[in-house]
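Side-chain atoms are counted along with the backbone in the values below, which use heavy atoms only and exclude waters and symmetry mates. So you know, we letter chains A, B, ... as the sequences are listed, proteins then strands, and number each from 1.
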There are 2 protein chains.
Amino acid sequence: MPEPDLPAPKRRGRPPAGGREAILDATLALLHERGVARLTTREVAERAGVSDASVYYHYVDKAGLLRAVFEAGVAPLRTLSLAGLGEGEPREVMTALAEAIERFLDLTLPVIMAAQSDAELRESLAAYMQEEDLGPHRGVQALGRFISEQQQAGRMRDGIDPAGAAVLLVGACFLRSSQRQIMGKGTRSLPSLENVVATLDDLLAA
Amino acid sequence: MPEPDLPAPKRRGRPPAGGREAILDATLALLHERGVARLTTREVAERAGVSDASVYYHYVDKAGLLRAVFEAGVAPLRTLSLAGLGEGEPREVMTALAEAIERFLDLTLPVIMAAQSDAELRESLAAYMQEEDLGPHRGVQALGRFISEQQQAGRMRDGIDPAGAAVLLVGACFLRSSQRQIMGKGTRSLPSLENVVATLDDLLAA
DNA sequence: GTCTATAGGTTGATAGAC
DNA sequence: GTCTATCAACCTATAGAC
């Protein structure tokens, strides 16, 4: 399992053929176009410009390939909750956070949903996310902390459960992003993100 | 395509073998166990206790079978928004609605997510939901109306966008149900539904 | 409407040379 | 690390009898 990948192997130009990454990219692209159910290693190899055997050399088997794609797809989750959320008007901060959440949900949700179509993959992904402590609760915690701070600073009403309020916003983002993916873009019947944030901001205003 | 099904074909006991329904049930069960990617008509037939050919006789092809399952799985959506939401304390009404939403999301979400794994099925389901005007906006509208009424009755604060507030709660339900399905039940790190409803109730209280 | 039997076509995965 | 060639397994769908 040639997995190191971390200490960038020193090389002048691109790797011999960039096979490993090309395979990953091709898989991700085909995942969007066809969905997992119709994803074949043959087509992955063809699009990546490598042979069938290369796919197996790098990722052992099809499940291994998909696991790699999922882990790469979920990776952005790790970068989200760490941001300090910065300073500024509550409404601006919440807008920025909500936009960030929706932006990466649009990227990772397709991959997460794809994993739901195979019991083995679903468990594999669930285990990975549990080990790495990834999931929606990260966003909830981050936003919850922010709300709590604002309350203590007297800029938001007191007596409101920060985590409870946080789930409301994160959930709205999740719903909006999911709807985009499931129903296509043609459905505009959900309030805009701006509207949602404004509503919560009104509700929380001191 | 023997689809009528509506005027129950008069018969004393059960149909000759109950084939049609048995196939549908078996498909749904296998969908949960294995996921679409590993669903085969062979196994469906075996579990339903019929032959392979029967499956094709009733549902034309595999896609037709899955479409039937999806339409059946999404059906509960239709019954949701029609309920009058009844009378009672806002918090009780919202709790009841939120519980109802989560309950049927737990049922329909697996099916909806399964459809995401095949581009053709995804579009088919999206088209169906669009035609029948199904989707999260139904719940949002229902709750939005309720909030609007409560505002006019002076039982909830004024100046808050009803639809915006509604998305917050529906989104939270959606997030909680999704998390249950994706990460398994072992993850308790999201606030309870009771907590979420209570928070929104506090926020909206006049 | 339900069955048996089978055709026809993919697919995941391996072997072994380079 | 990458290729060509190939297998064995499996799956969807159809034909035709009952």
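- Atom pair Tyr57(A):OH and dG1(D):C1' shows a separation of 5 Å (rounding to whole Å applied).
- Comparing atom distances between the Val50(B) side chain and each of dT2(D), dA13(C), dC3(C) picks out dC3(C) as nearest.
- Phosphate contact (OP1/OP2 of dT12(D), side-chain N/O of Thr41(B), threshold under 4.0 Å): present.
- By the 4.0 Å N-to-carboxylate-O rule, Glu120(A) lies too far from Arg34(B) to be salt-bridged with it.
- You'll find that the side chain of Tyr56(A) is closest to dA13(C), out of dA13(C), dC3(C), dC3(D).
- One atom, CZ of Arg38(B), and another, P of dC10(D), lie 13 Å apart when rounded to the nearest Å.
- In this structure, Leu39(A) reaches the sugar-phosphate backbone alone: every heavy-atom distance under 4.0 Å involves primed, P, OP1 or OP2 atoms, never a base.
- Atom CG in Asp118(B) sits about 15 Å away from atom C1' in dC11(D), given to the nearest Å.
- Atom C1' of nucleotide dA13(D) and atom CZ of Arg42(B) are separated by 10 Å, given to the nearest angstrom.
- Backbone-only contact: Thr40(B) has heavy atoms under 4.0 Å from sugar-phosphate atoms and none from a base.
- Spacing between atom CG of Asp61(A) and atom P of dT11(C) amounts to 17 Å, rounded to whole angstrom units.
- Rounded to whole Å, the distance from NZ on Lys62(B) to P on dC11(D) is 9 Å.
- In this structure, the CD atom of Glu21(B) is 13 Å from the P atom of dG1(C), given to the nearest Å.
- For Glu46(B), the CD atom is loosely surrounded, since the number of other residues' heavy atoms within 6.0 Å does not exceed 12.
- The two residues Ile160(A) and Ala165(A) come nearest to each other via the heavy atoms CG2-CB, 4.4 Å.
- For Glu46(A) and dT10(C), the CD to P distance is 13 Å, given to the nearest whole Å.
- Taking all atoms of both residues into account, the shortest heavy-atom contact from Glu102(B) to Leu193(B) is OE2-CD1, 3.4 Å.
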